[in-house]
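In what follows, a structure is listed as structure tokens, so that the remarks can point back to it.
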Amino acid sequence: MLPPALAQTVARYRASHGDLVRQFATFVGVGLAAAAAHFSTLAVLVEMDALGPVLASAVGFVAGGTVSYVLNRRFTFEATRSHAGAVPRFIAVAGVAFGLNEALMWLFVHEVGLFYLLAQFLTTGITMMWTFTGYRAWAFAHRAGAHG
């Protein structure tokens with residue numbers, strides 16, 4: 001049982017930020033599914049000696065990005081923007097994240113010397129903050145005049 005003052009603070013926070021917290025929690029859940037697609041693609045390509053870690057991460061990023069678009073559009077942001085309007089915006093935000101992903105993977109793997117899966121884990125955490133903000137504020141933002 002929380003002390004009454006803390007319980008009141010928590011209740012006020014939920015009342016004022018509950019939608020954002022729910023949305024971010026859903027984004028993290030979707031992100032786990034997208035990361036599973038990304039990491040599994042990355043690992044298979046590296047372990048089969050098909051590609052190096054940086055290029056394999058790029059391919060995995062596209063696989064994870066596809067999962068991310070479908071699930072975030074439907075569940076996280078409940079987008080009212082049409083696919084024709086949302087896809088180019090999603091690609092723009094994801095494109096910046098892609099560049100960030102590749103730069104960080106190169107840095108962590110080749111300059112710092114981290115194991116590629118640890119490097120990808122760190123990179124994913126960093127890019128997650130960018131993509132949540134970009135998707136929420138722009139790519140999946142409700143269209144003006146949309147209902148719902």
Side-chain angles (χ1 to χ4, degrees), residues 9-148:
T9 300
V10 169
R12 277 194 305 269
Y13 185 83
R14 281 185 183 157
S16 62
H17 300 294
D19 288 343
L20 178 61
V21 170
R22 179 209 56 82
Q23 191 175 54
F24 187 74
T26 303
F27 181 78
V28 169
V30 166
L32 290 172
H38 186 156
F39 276 70
S40 60
T41 302
L42 166 65
V44 165
L45 291 172
V46 169
E47 297 304 323
M48 291 182 61
D49 236 1
L51 296 173
V54 176
L55 188 53
S57 179
V59 175
F61 188 94
V62 172
T66 303
V67 171
S68 176
Y69 176 80
V70 171
L71 297 180
N72 275 316
R73 177 181 168 75
R74 171 69 177 94
F75 297 108
T76 306
F77 301 106
E78 300 168 354
T80 58
R81 190 175 301 280
S82 69
H83 288 295
V87 168
R89 289 170 178 238
F90 178 88
I91 290 171
V93 172
V96 171
F98 181 86
L100 187 58
N101 178 79
E102 291 305 284
L104 289 171
M105 281 297 288
W106 178 264
L107 175 71
F108 291 150
V109 170
H110 295 293
E111 298 299 324
V112 178
L114 294 179
F115 179 60
Y116 75 93
L117 290 176
L118 175 59
Q120 188 63 69
F121 178 79
L122 294 173
T123 296
T124 299
I126 293 167
T127 59
M128 178 181 73
M129 299 315 293
W130 159 254
T131 55
F132 178 75
T133 303
Y135 296 157
R136 184 176 196 277
W138 189 57
F140 293 119
H142 292 291
R143 291 180 296 116
H147 302 289

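Predicted, not measured: the structure shown is a model, and the values here were computed from it.
- Across all non-hydrogen atoms, the minimal contact from R22 to F75 is NH1-O, 4.1 Å.
- For the pair V21 and Y13, the minimum side-chain heavy-atom distance is below 4.5 Å.
- Listed here is the closest heavy atom pair of V109 and A119: CG2-CB, 3.8 Å.
- For the atom pair CG of L122 and CZ of F108, the computed distance is 5.0 Å after rounding to the nearest 0.5 Å.
- Between the CD1 atom of I126 and the CG atom of L100 there is a distance of 7.0 Å, given to the nearest 0.5 Å.
- Ring pair F24/F132 is perpendicular by interplanar angle, where above 60° counts as perpendicular and below 30° as parallel.
- Taking CZ of F61 as the start and OG1 of T127 as the end, the distance is 6.5 Å to the nearest 0.5 Å.
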Show me the side-chain donor-acceptor pairs of residues 53-60 shorter than 3.5 Å, one per line, residues at least two apart or across chains.
{"residue": "S57", "atom": "OG", "partner": "H38", "partner atom": "NE2", "Å": "3.3"}
{"residue": "S57", "atom": "OG", "partner": "N101", "partner atom": "ND2", "Å": "3.1"}
{"residue": "S57", "atom": "OG", "partner": "Q120", "partner atom": "OE1", "Å": "2.5"}

Exercise. Check the pair L71, T26 against side chain to side chain contact (heavy atoms under 4.5 Å, CB included), reporting the backbone distance first and the verdict last.
Key: CA-CA 10 Å; L71 297 180; T26 303; over 6 Å; no
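- Taking both residues in full, the closest heavy atoms of R73 and F140 are given as CB-CE2, 3.6 Å, listed atom of the first, atom of the second, then distance.
- Under the 3.5 Å distance criterion, the side-chain polar atoms of R89 are left unmatched by any main-chain donor or acceptor of G134.
- W106 pairs by the ring-ring contact (aromatic ring centres under 6.0 Å, His included) definition with H110, not counting sequence neighbours.
- Side chains of F27 and M128 form a contact here, defined as non-hydrogen atoms less than 4.5 Å apart.
- By the 4.5 Å heavy-atom criterion applied to side chains, V93 and W130 are counted as neighbours.
- Other residues, nucleotides and ligands place no more than 12 heavy atoms under 6.0 Å from the CZ atom of F121.
- Heavy atoms of other residues, nucleotides or ligands lying less than 6.0 angstrom from CZ of R74 number 12 at most.
- Using bins of under 30°, 30° to 60° and over 60° for the plane-to-plane angle, the ring pair Y69/F90 lands in the perpendicular bin.
- No side-chain heavy atom of T76 sits under 4.5 Å from any side-chain heavy atom of Y135.
- Annotation: the span from Q23 atom CD to F77 atom CZ amounts to 5.0 Å, rounded to 0.5 Å.
- Of all heavy-atom pairs between A137 and A141, the closest is O-CB, 3.6 Å.
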